[in-house]
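This report refers to the structure that appears directly beneath it.
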2 protein chains.
Amino acid sequence: MPQHEHDPCSSCAARGYSVCSAIDDKDLGRLAATAVVRDLAKGETFIEEGDSASDFFNVTRGTVKLYKLLPDGRQQVTGFAGAGHFLGLAVSNTYAFSAEAIEQSRVCRFSRPKLRELLHDFPALEERLLQTACNELVAAQEQMLLLGRKTARERVASFLVARLETGIPCVNPSDAIALPMTRGEIADYLGLTIETVSRTFSRFKAEKRIAIPSNTEVVILDRPWLSGIAAGLQ
Amino acid sequence: MPQHEHDPCSSCAARGYSVCSAIDDKDLGRLAATAVVRDLAKGETFIEEGDSASDFFNVTRGTVKLYKLLPDGRQQVTGFAGAGHFLGLAVSNTYAFSAEAIEQSRVCRFSRPKLRELLHDFPALEERLLQTACNELVAAQEQMLLLGRKTARERVASFLVARLETGIPCVNPSDAIALPMTRGEIADYLGLTIETVSRTFSRFKAEKRIAIPSNTEVVILDRPWLSGIAAGLQ
DNA sequence: CGCACACTTGAACCCCCTCAACCCAAGTGG
DNA sequence: CCACTTGGGTTGAGGGGGTTCAAGTGTGCG
């Protein structure tokens, strides 16, 4: 009998760097029992802003974008969530943002009452969630600085450097970055237009600061310089 | 013997709508013993970005601004914290932002270890902090939408409407808003310049949507219209 | 009064956006 | 196999919203 059928958590790719790491191996069965795995196709929306917030999610594969919309269609991407990322923290009864898979992805779904039980039984989990929330808050403040005060060049440089830092720690032949998102999604994340993102990429490339082997990949050639631009120097 | 000397918390203006409300009256003495009250003059900085994060703060009077700086002096205000607001949540060992009193203010200071004790003894407090963090996260996402995708008019309208909604619930003779911050601070909060903020105020005034009895006060004359602009309609 | 500081207003400029054309790769179907 | 479509990306030209620079207007306070 395949063990992983009954305990998907122990073999989960996100196990270790997700909030789940707050739970001991021996209690993993309990966790697996409360979670429901869901596969998402590229482009699939699984959280809609304003909908009643009945569930929490943990991304275990792929990448999802979190975003908010204005009535006329203007979109602000508030973040990209990869494997290990926890979603849906909210006091309110409705989601404050939408979430869409930007590539083939997988999420782990917890119902609100079930998570509440878990939190009660595993105090370490609550502490871990608080830590997570704090980290997101810090990231959000950094993004506000970017959106409110940085130039287009600085925004794109910040994005690339941040991707490098928070990128998957393993598999880094040189300074290559995977970009599962489109230029449009990067633009909506940085408060720019597609054209400006594309032009800035092209300029960095012409200046030999980056290389663009494909649309979904960027190689950092001059990291110190990019970091400097990102920080607002020069 | 004056009771409030030994129990400043029970008479605190922020008692009730701060995180402290998670603690029963009978345990307030304990809270008071761990807190240190500090008065701040206008313009006084009490948290410096990058400094080691040894303390947490609770604003109990006045208003403070939270902000981040770029090396060349560009400033992004990430929020204004009034009475009841909790500051300093961070996993990291250093503060991710600076904080400065923009008017005569008072804060309640907790050392990190002491707060940790409190959290241990009052689980409700930890839950309350998590709620607080979630609310701030939602606000931060809303601000990202503003900074990344809204026009100057929409930003200023959003600011005014938000001030009205989160304003001190009592003492609201009509739809008057107190603005303890300068135009420059509003500009740094909205990702604009002083001039644009001033011009937008003037336009709203000329269009009879607001009145400006003084530099530190605005009266909303057409709230539905302002709300519409803030939401991105028209 | 007169200085300081915050705010307002005007004019010119510029960075980024808008609009438009084009490129390229991957389907798709006759 | 090739014509056609579709989606994402690039590049160019022109325009506009907000910034920059600069001058002027209160207003509080010594």
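What's counted below: heavy atoms across the whole structure, side chains too, no hydrogens, waters or symmetry copies. Letters A, B, ... mirror the listed sequences (proteins, then strands); counts begin at 1. A quick note: this is a predicted structure, and the numbers were derived from the prediction, not measured.
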Practice prompt. Spell out, as yes or no, whether a donor-acceptor pair under 3.5 Å connects the side chain of Gln75(B) to the backbone of Lys68(B).
Written response: no

Fill in: Spacing between Ile212(B) atom CD1 and dT8(C) atom C1', to the nearest angstrom
10 Å

Discussion item. So, does Arg199(B) get its side chain near the phosphate of dG18(D), meaning an N or O under 4.0 Å from OP1 or OP2?
Written reply: no

Worksheet item: So, does Ser105(A) use its side chain to make a donor-acceptor pair with the main chain of Ala101(A) at under 3.5 Å?
Response: no

Response to the item:
Side-chain contact check for Ser202(B): nearest option of dC16(C), dT9(C), dT10(D) is dT9(C)

Worksheet item: More 5' along DNA chain C: Thr182(B) or Arg153(A), using each one's nearest nucleotide?
Response: Thr182(B)

Worksheet, complete the sentence: note: Glu195(A), atom CD; dT11(D), atom P; distance rounded to Å ~ 12 Å

Practice prompt. For Ile194(A) and dG12(D), give me the distance from atom CD1 to atom P, rounded to whole Å.
Written response: 18 Å

Practice prompt. Figure out the CD1/C1' separation between Ile102(A) and dG8(D), and round it to whole Å.
Written response: 14 Å

Worksheet entry | side-chain N/O Thr193(A) vs dT18(C) OP1/OP2, d < 4.0 Å | no

Worksheet item: Using 30° and 60° as the class limits, which term best fits the ring planes of Trp225(A) and Phe204(A): parallel, tilted or perpendicular?
Response: perpendicular

Worksheet item: Pick the nucleotide of DNA chain D nearest each of Leu192(B) and Val197(A); which residue has the one closer to the 5' end?
Response: Val197(A)

Fill in: Thr196(A) side-chain N/O to dC15(C) phosphate OP1/OP2 under 4.0 Å
no

Item to complete: Report which part of the nucleic acid Gly191(B) touches: base, sugar-phosphate, or nothing (heavy-atom distance under 4.0 Å, all strands).
Response: sugar-phosphate

Worksheet item: Are the charged groups of Arg61(A) and Glu103(A) less than 4.0 angstrom apart, N to O?
Response: no

Worksheet item: Asn215(B) has an atom CG; how far is it from atom C1' of dC5(C), in whole Å?
Response: 11 Å

Worksheet item: If you measure from the C1' atom in dC14(C) to the same atom in dT18(C), how many Å do you get, rounded?
Response: 16 Å

